[in-house]
There are 2 protein chains.
Amino acid sequence: MPNTKNSTRRRGKKLEDAVLSAAWNLVNEVGYKDFTMSEVAKRANAAKPVLYRRWSEKSELVASAIIKYGPKIDVSIPDTGSLREDLIKLFSQLLVIFDTFGTEKLHGLLSDRLKSIPVDKILNATSSENKLTEMIMAVLKHSDDRGELDIKNITSRIINLPGILLINEVVEHEAMDKKTIEDIVDRILLPVFLGQKKAADNN
Amino acid sequence: MPNTKNSTRRRGKKLEDAVLSAAWNLVNEVGYKDFTMSEVAKRANAAKPVLYRRWSEKSELVASAIIKYGPKIDVSIPDTGSLREDLIKLFSQLLVIFDTFGTEKLHGLLSDRLKSIPVDKILNATSSENKLTEMIMAVLKHSDDRGELDIKNITSRIINLPGILLINEVVEHEAMDKKTIEDIVDRILLPVFLGQKKAADNN
DNA sequence: TAAAATAGTATACCGTAGTATCTTAAAATG
DNA sequence: CATTTTAAGATACTACGGTATACTATTTTA
């Protein structure tokens, strides 16, 4: 504590913040591909090993910077009484991600992260406390309560489907708009979710 | 190293084959991550620029080698009279890929390819006549002929779904077995495809 | 057959991710 | 306050993907 003023050498959180801030600025200036670790180090007046001591690879540093300085996603779980509306609202909360970053940033980040982690972890990591699958699960629980589906039949593959579709949109298309969301919900998600009907519904 | 007496300089297909063969051996020995272009060049007694003149990046060379020396995929389009059986057969044809390669090879290849091309192109890739989406389309056409769905309602997003699910399995799981295929077909693909019903079916 | 175009050879080079090493400031411990 | 421990600084290094260049063998063409 008595050091803060005169200290020439930053440590811990101070240093970490400086690096994350530099990383955030840089990724916004040059995008993901041209983002280099050396440049971040230079801008933060830090040494490269400092970066690698905290983030094991480029994509992790960028992900951290986005989590800290990127758009905050509304984490509220919609409960409108309609599965369709709930899903649309949930997806719409994610639109801000597309609005903030171009495809290039998301795309590059995605392929690099894919190198080290499985798909279902990608979304959780990027938004830390905002686990998409948990939110999906909550929405489906409400639907189950209304007797529209049987949540016991919802497998992990099905739970992951929204995330996968989201990632696919990132990779494949420039943007995700309201119309795309409705298309995904109506043509894919609802048929899949509601296809897992309660046994009583079957005959 | 100057040529010993009668060493002719290889060109065209001869040279290409030597490189592909070396690449195939190498990727099987060391996997994708430790596969280096320099080592391929060395083994094929070729110069690096020769590789890059034909394949623009590492992932392309590896993909080419797999297409040439890897398992031949049955490209026949099933037509059993049942959409479910057709889809299961189609997916089962792809099992051989998982059997032949470990996840590491597919995983690394996938993330590198993702860097330069969109998801829906990954499977079609240089494999010329083996386009998954075309086969899906044919199977769906048969189903349409039987009046089970309306093919006009099948959007590109829906057509790409099988490929996306396949890629997801590559990334996320060790293997894809019969049970997985049935799960994907019954719980996801059939609900989605059959959800796009003909207007006449609506009661 | 001679010239021109094509494409392989050899090698040096660049940029970046990521690591190793050695020194030194600052914090923790006692 | 002295000692020990932690972690930053500085810098050099390795490995690899991919490119550039200069040279030369082979094929094409006229």
Side-chain angles (χ1 to χ4, degrees), chain A residues 1-20 22-23 26-27 29-65 108-109 111-116, chain B residues 1-23 26-27 29-65 108-109 111-117:
Chain A
M1 272 233 235
N3 44 27
T4 13
K5 262 197 203 160
N6 305 345
S7 73
T8 58
R9 191 179 276 194
R10 299 158 301 173
R11 297 171 84 92
K13 191 151 179 8
K14 247 258 129 101
L15 179 57
E16 191 172 314
D17 287 352
V19 172
L20 285 174
L26 184 58
V27 80
E29 282 174 35
V30 304
Y32 185 82
K33 198 168 160 296
D34 293 338
F35 175 104
T36 73
M37 296 298 266
S38 298
E39 180 61 22
V40 173
K42 194 171 143 198
R43 289 186 179 204
N45 290 311
K48 256 200 320 177
V50 165
L51 313 197
Y52 283 99
R53 221 171 274 139
R54 292 174 165 75
W55 301 278
S56 67
E57 57 186 49
K58 168 175 161 175
S59 65
E60 256 191 42
L61 170 55
V62 174
S64 283
L109 186 61
S111 23
D112 265 11
R113 286 193 75 77
L114 205 48
K115 278 186 176 161
S116 36
Chain B
M1 183 174 296
N3 307 330
T4 47
K5 47 180 177 165
N6 63 345
S7 87
T8 48
R9 184 181 281 191
R10 298 161 302 175
R11 318 187 124 223
K13 189 150 179 10
K14 259 255 150 74
L15 180 57
E16 190 172 315
D17 287 351
V19 173
L20 285 174
S21 170
L26 185 59
V27 80
E29 282 174 35
V30 304
Y32 185 83
K33 198 169 160 297
D34 293 337
F35 174 105
T36 73
M37 296 298 265
S38 298
E39 180 61 22
V40 174
K42 194 170 143 197
R43 288 184 179 207
N45 290 311
K48 259 203 311 181
V50 164
L51 313 198
Y52 283 100
R53 216 172 280 138
R54 291 174 165 76
W55 302 277
S56 66
E57 55 185 40
K58 167 175 163 175
S59 66
E60 255 191 43
L61 171 55
V62 173
S64 282
L109 186 61
S111 19
D112 267 11
R113 285 194 76 75
L114 205 48
K115 277 186 176 161
S116 37
I117 64 177

Indicate every side-chain donor-acceptor pair of residues 41-52 of chain A with a distance under 3.5 Å to a residue at least two apart or in another chain.
residue : atom : partner : partner atom : Å
R43(A)  : NE   : E39(A)  : OE2          : 2.9
R43(A)  : NH1  : E29(A)  : OE1          : 3.3
R43(A)  : NH1  : E29(A)  : OE2          : 3.1
R43(A)  : NH2  : E29(A)  : OE1          : 2.9

| request: Side chain of R53(B) only, please: which of dG8(C), dG18(C), dA17(C) is the nearest? | output: dG8(C)
| field | Counterpart residues, salt bridge (Lys or Arg N to Asp or Glu O under 4.0 Å), relative to D17(B) (two or more places apart) | value | K13(B), K68(B)
| query | Does E57(A) have any salt bridge (Lys or Arg N to Asp or Glu O under 4.0 Å) partners at least two apart in sequence or in another chain, and if so, which? | reply | none
May I have the distance from [X] (atom [atom1]) to [N] (atom [atom2]), rounded to whole angstrom?
X       : N       : atom1 : atom2 : value
K115(B) : dA17(C) : NZ    : P     : 10 Å
W55(B)  : dG17(D) : CH2   : C1'   : 16 Å
F35(B)  : dA15(D) : CZ    : C1'   : 16 Å
R54(B)  : dT6(C)  : CZ    : C1'   : 12 Å
D34(A)  : dG17(D) : CG    : P     : 20 Å
L26(B)  : dC16(D) : CG    : C1'   : 13 Å
L15(B)  : dA25(D) : CG    : P     : 16 Å

| request: Output all residues satisfying side chain to side chain donor-acceptor pair (under 3.5 Å) with S38(A), sequence neighbours left out; order by chain, then residue number. | output: none
| said: Among residues at least two apart in sequence or on other chains, which ones pass side chain to side chain donor-acceptor pair (under 3.5 Å) with S64(A)? | reply: W55(A)
| Rounded to the nearest 0.5 Å, what separation is found between the CZ atom of R113(A) and the CD atom of E60(A)? | 6.0 Å
Are OP1 or OP2 of [N] and a side-chain N or O of [X] less than 4.0 angstrom apart?
X      : N       : answer
Y52(A) : dG18(C) : yes
R11(A) : dT6(D)  : no
R9(A)  : dT23(C) : no
S59(B) : dG17(D) : no

| said: Using a 4.0 Å heavy-atom cut-off, does R10(B) contact any base of the nucleic acid, only the sugar-phosphate backbone, or nothing at all? | reply: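 Sugar-phosphate contact only - R10(B) comes under 4.0 Å of backbone atoms but never of a base.
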| query | Of all of residues 38-51 of chain B, which get a heavy atom below 4.0 angstrom from DNA chain D, listed by number? | reply | K48(B), P49(B)
| said: Contact between V19(B) and R54(B) at the side-chain level, heavy atoms closer than 4.5 Å - yes or no? | reply: no
